[in-house]
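Take a look at the structure set out below.
Scope of the values below: all heavy atoms of this structure, side chains included, with no hydrogens, waters or symmetry mates. If you're wondering where the values come from, they're calculated on a predicted model, not measured in any experiment. Letters A, B, ... mirror the listed sequences (proteins, then strands); counts begin at 1.
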Amino acid sequence: MAKTAFHSIHQIVKRIPAGRVATYGQISRMLDGALSAQFVGWALHNAPEDVPWHRVINSKGGVSTRAVLGYAPDLQRQLLEAEGVVFDDDARCDLDVYLWDGSP
DNA sequence: GAAGTGACAAGGT
DNA sequence: CACCTTGCCACTT
C-alpha cells in the first residue's frame, strides 16, 4: 500500500534482519529499478527511527554517512558492530557474509 | 508554479 | 585501474 517509492524503501529497510546489511543498489533493484540509488540515500536521511538506516551501506561495503555532518561518521559502523557485523581496516564489511539476500 | 538539492550506482572512456 | 557522466523521486525554498 505504498503510495510512493519513498515509503517502499522504508518497508524494505525494516525487513533487513539484525546482523545483515543491504546496499543502495540492491534496494534499488528490489524495487524493480523503479527508483535511483541516489533517492535511497535521501530516503534514509528522511527515514523515521523505526528504520534501521545504519544497515544500508554503499556498494563498496562501507558506510556512506560521510556526507552527513549531523551524524558521527563512525556511528553507522558502531551500530553494525553492535549487531555482530565486523568491519575490516578499510572500513568495509564482508558482503559475502553479511549482505542481505532478501531472506530473513 | 518551478527549480534546486540530496546518505549513490553503474557504465563508459 | 581511475575518473567522469547520466539517471531518479520526493522535499524545500
Side-chain angles (χ1 to χ4, degrees):
Chain A
M1 158 132 169
K3 277 185 176 176
T4 64
F6 175 81
H7 205 255
S8 297
I9 293 172
H10 294 171
Q11 294 296 317
I12 291 178
V13 176
K14 286 191 211 172
R15 287 178 182 168
I16 302 174
R20 291 283 186 273
V21 297
T23 65
Y24 291 93
Q26 186 167 5
I27 292 172
S28 178
R29 292 173 188 176
M30 283 181 178
L31 295 173
D32 197 23
L35 52 86
S36 59
Q38 186 174 18
F39 187 71
V40 177
W42 184 86
L44 295 176
H45 187 162
N46 288 269
E49 295 179 358
D50 292 346
V51 179
W53 56 268
H54 55 266
R55 288 182 191 151
V56 183
I57 57 181
N58 59 26
S59 62
K60 295 176 185 169
V63 299
S64 310
T65 53
R66 59 183 176 176
V68 182
L69 302 177
Y71 294 89
D74 293 342
L75 176 63
Q76 189 169 11
R77 176 174 172 175
Q78 297 297 324
L79 292 171
L80 291 173
E81 287 184 334
E83 293 185 346
V85 179
V86 179
F87 281 78
D88 296 338
D89 291 344
D90 292 340
R92 295 185 200 162
C93 63
D94 291 337
L95 293 176
D96 293 339
V97 178
Y98 301 111
L99 184 62
W100 180 45
D101 59 353
S103 298

Between [N] atom [atom2] and [X] atom [atom1], what is the distance in whole Å?
X       : N      : atom1 : atom2 : result
A/Phe6  : B/dG6  : CZ    : P     : 16 Å
A/Ile27 : C/dG7  : CD1   : P     : 23 Å
A/Ile12 : C/dC9  : CD1   : P     : 15 Å
A/Lys60 : B/dA10 : NZ    : P     : 11 Å

*asked:* Using atom C1' in both nucleotides, what's the gap between C/dA10 and B/dA10 to the nearest angstrom?
replied: 22 Å
*So which heavy atom on A/Leu95 is nearest to which on A/Ser59, and how close?*
CD1-O, 3.8 Å
*Do you know which two heavy atoms are closest between A/Arg77 and A/Asp88, and how far apart they sit?*
NH2-O, 4.0 Å
*Hey, what do you get for CG (A/Leu75) to NE2 (A/His54), rounding to the nearest 0.5 Å?*
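Spacing of CG (A/Leu75) from NE2 (A/His54) equals 9.0 Å.
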Determine whether more than 12 heavy atoms belonging to other residues, nucleotides or ligands lie under 6.0 Å from atom [atom1] of [X].
X        : atom1 : answer
A/Asp90  : CG    : yes
A/Lys14  : NZ    : yes
A/Asp101 : CG    : yes

*Counting only non-hydrogen atoms, which of residues 30-56 of chain A are less than 4.0 Å from DNA chain C?*
A/Ala34, A/Ser36, A/Gln38, A/Phe39, A/Trp42
*Pull out every residue in residues 18-25 of chain A that has a heavy atom closer than 4.0 Å to any atom of DNA chain B, ordered by number, or say none.*
A/Tyr24, A/Gly25
*For B/dA9, does OP1 or OP2 lie under 4.0 Å from any side-chain N or O of A/Arg29?*
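Indeed not, no polar side-chain atom of A/Arg29 lies that close.
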_At less than 4.0 Å, is any side-chain N or O atom of A/Ser59 found next to OP1 or OP2 of B/dA9? Yes or no._
yes
*Heavy-atom distance under 4.5 Å between the side chains of A/Leu80 and A/Cys93, does that happen here?*
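The answer is no; the side chains never approach within 4.5 Å.
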*Using the six-membered ring wherever Trp is involved, compare the ring planes of A/His10 and A/Phe6 and label them parallel, tilted or perpendicular (cut-offs 30° and 60°).*
perpendicular
